[in-house]
Amino acid sequence: MPAHRSFHITKAVVPAAGLGTRFLPATKATPKEMLPVVDTPAIQYVVEEAVAAGLTDVLMVTGRNKRPLEDHFDRAYELEHALAAKGDVERLKLVRESSELAAIHYVRQGDPRGLGHAVSCARPHVGNEPFAVLLGDDLIDPRDPLLSTMLRVRRELGGSVVALIEVDPTQIHLYGCAAVAPLAEGTSEPGVVRVTDLVEKPEAGTAPSNFAVIGRYLLDPSVFDVLEQTQPGRGGEIQLTDALRVLAGRESAEGGTVHGVLFSGRRYDTGDRADYLRAIVKLACERDDLGPEFRAWLRSYVNEEMQA
């Protein structure tokens, strides 16, 4: 078995340095990642997903005005004391959960030069180990353990692994896009393809497929050397997609090959306001404590609107 496949992956990188301009004015003083999805910050869903897949070492790549992220995953002794004094065991457990999820570390990106640059900031922490990258705009339902599947694919095939979804061709310009081919080497996981090319947000009519890359990656550490040589691309930023394109072109070279896992499970996109609202409604409807009453109200509200 090649050496680069033998690592047990434990590290996850969560880029969280964006300005969240699509959610202004809410994000003027509050990080976008801290906006609640029902009653839990979006960033906590992402960390919980990483931990559920066995990734217990989490590095957040942050920027200015992100201190609330650190506070959220830290102990809140005064709040805990107040809740304990009132005997509010349930809420005390909720408060402590976020500080006990994983070993969480932080590094500042400084100059926000794109996702590729944010990933490169993780090199001193990650070292020469494969690692996961989880983007906070994509929330994956825990009933559809995408990350665990990707980890199994990485163990079997090595290289890097990206998550893909099939989108309407009219929407592919909003995503990184992957050209794919059948596997030459087998895997026990269904829906796995070889990625032969990648394009970041292709112009209309130029996309090689309608397979879009979403915010889950397992990266071979060789990506760091490639990122060092990657020039600014789409939007004047250093794109992770461009670095993965280089790795995909290496065929079977050490650290090369890129595979894709086709995902058709439940995904909640919190990247823009409309999708964020839809995510809240979907998750609230499925909650045991909120769902029955909320669904009843929602039916009534929709019926009233249709009759108006």
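With Thr27 as the fixed residue, the side-chain contact (heavy atoms from CB on, under 4.5 Å) test singles out one of Asn65, Leu35, Thr21, Leu19: Leu35.
Salt bridge status for Lys32 with Asp137: present, with a side-chain N to carboxylate O gap under 4.0 Å. With respect to the salt-bridge test (charged N to carboxylate O, under 4.0 angstrom), the residues Asp197 and Arg245 qualify. With respect to Arg287 and Asp39, a salt bridge is recorded, a charged nitrogen being found less than 4.0 Å from a carboxylate O. With salt bridges taken as basic N to acidic carboxylate O contacts below 4.0 Å, none links Glu286 and Arg295. Using a cutoff of 4.0 Å between basic side-chain nitrogens and carboxylate oxygens, Arg22 and Asp272 are not scored as salt-bridged. Using a 4.0 Å cut-off between a side-chain N of Lys or Arg and a carboxylate O of Asp or Glu, Asp225 and Arg123 qualify as a salt bridge.
The shortest non-hydrogen separation linking Leu164 to Gly260 is CD1-CA, 4.0 Å.
With hydrogens and angles disregarded, a donor-acceptor distance shorter than 3.5 Å links the side chain of Ser99 to the backbone of Arg96. Put simply, the side chain of Asp88 never gets that close to the backbone of Leu83: no donor and acceptor are under 3.5 Å apart. Between the Thr206 side chain and the Pro202 main chain, no donor and acceptor come within less than 3.5 Å of each other.
Annotation: the span from Leu134 atom CG to Ile43 atom CD1 amounts to 9.0 Å, rounded to 0.5 Å.
Ring geometry, Tyr276 versus Phe23: the interplanar angle exceeds 60°, so the pair is classed perpendicular (tilted spans 30 to 60°).
Side-chain N/O atoms of His117 and Glu237 include no donor and acceptor closer than 3.5 Å.
The aromatic ring centres of Tyr301 and Phe294 sit 6.0 Å or more apart.
Every salt bridge (Lys or Arg N to Asp or Glu O under 4.0 Å) that Arg75 has, sequence neighbours left out, goes to Glu80.
Residue pairs satisfying the salt bridge (Lys or Arg N to Asp or Glu O under 4.0 Å) criterion with at least one member in residues 42-58, sequence neighbours excluded, are listed as follows: Glu49-Arg216.
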